[in-house]
A.B. asks: 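What follows is a single structure, and I will ask about it in a moment.
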Amino acid sequence: MEAADNTLLNAILMDLLPGIRRLPYASLMNRAMDLKKNAGFFRNIVKALALRDVEMGVKTMKDYIANERSFALESIDGLKTPD
């Protein structure tokens, strides 16, 4: 940041830093609660592969991706400060 020699840029980045630092912590705390659910997705994916069931595999992957998307949005939403 100092290499850019831009005090405004430096101030903006320093304002963003606390939120960026909180994101991994918030993610880890919620992730521990989501482990059982994710394990179920992976069990179903392995089962679909073993059975060569493409439809089951596709559905499970879509469900897993939807869950991950929802989790990411909730994590970001949880970091917002009230107005």
A.B. asks: Is there a side-chain contact between Val58 and Met61, using heavy atoms and a 4.5 Å cut-off?
C.D. replies: no
A.B. asks: Rounded to the nearest 0.5 Å, how far does CG of Leu17 lie from CE of Met14?
C.D. replies: 5.5 Å
A.B. asks: Identify the two heavy atoms, one from Lys47 and one from Met56, that lie closest to each other, and give their separation to 0.1 Å.
C.D. replies: CD-CE, 3.6 Å
A.B. asks: So how far is it from Arg43 CZ to Asn38 CG, rounded to the nearest 0.5 Å?
C.D. replies: 10.5 Å
A.B. asks: Taking all atoms of both residues into account, what is the closest heavy-atom pair of Asp63 and Phe41, and its distance?
C.D. replies: CB-CE2, 3.6 Å
A.B. asks: As an exercise, state the distance from CG of Asn10 to CG of Asp15, rounded to the nearest 0.5 Å.
C.D. replies: 10.0 Å
A.B. asks: To the nearest 0.5 Å, what is the distance between CG on Leu13 and CG on Asn6?
C.D. replies: 9.0 Å
A.B. asks: Starting at CG of Asn44, measure out to CG of Asp53 and round the result to the nearest 0.5 Å.
C.D. replies: 10.5 Å
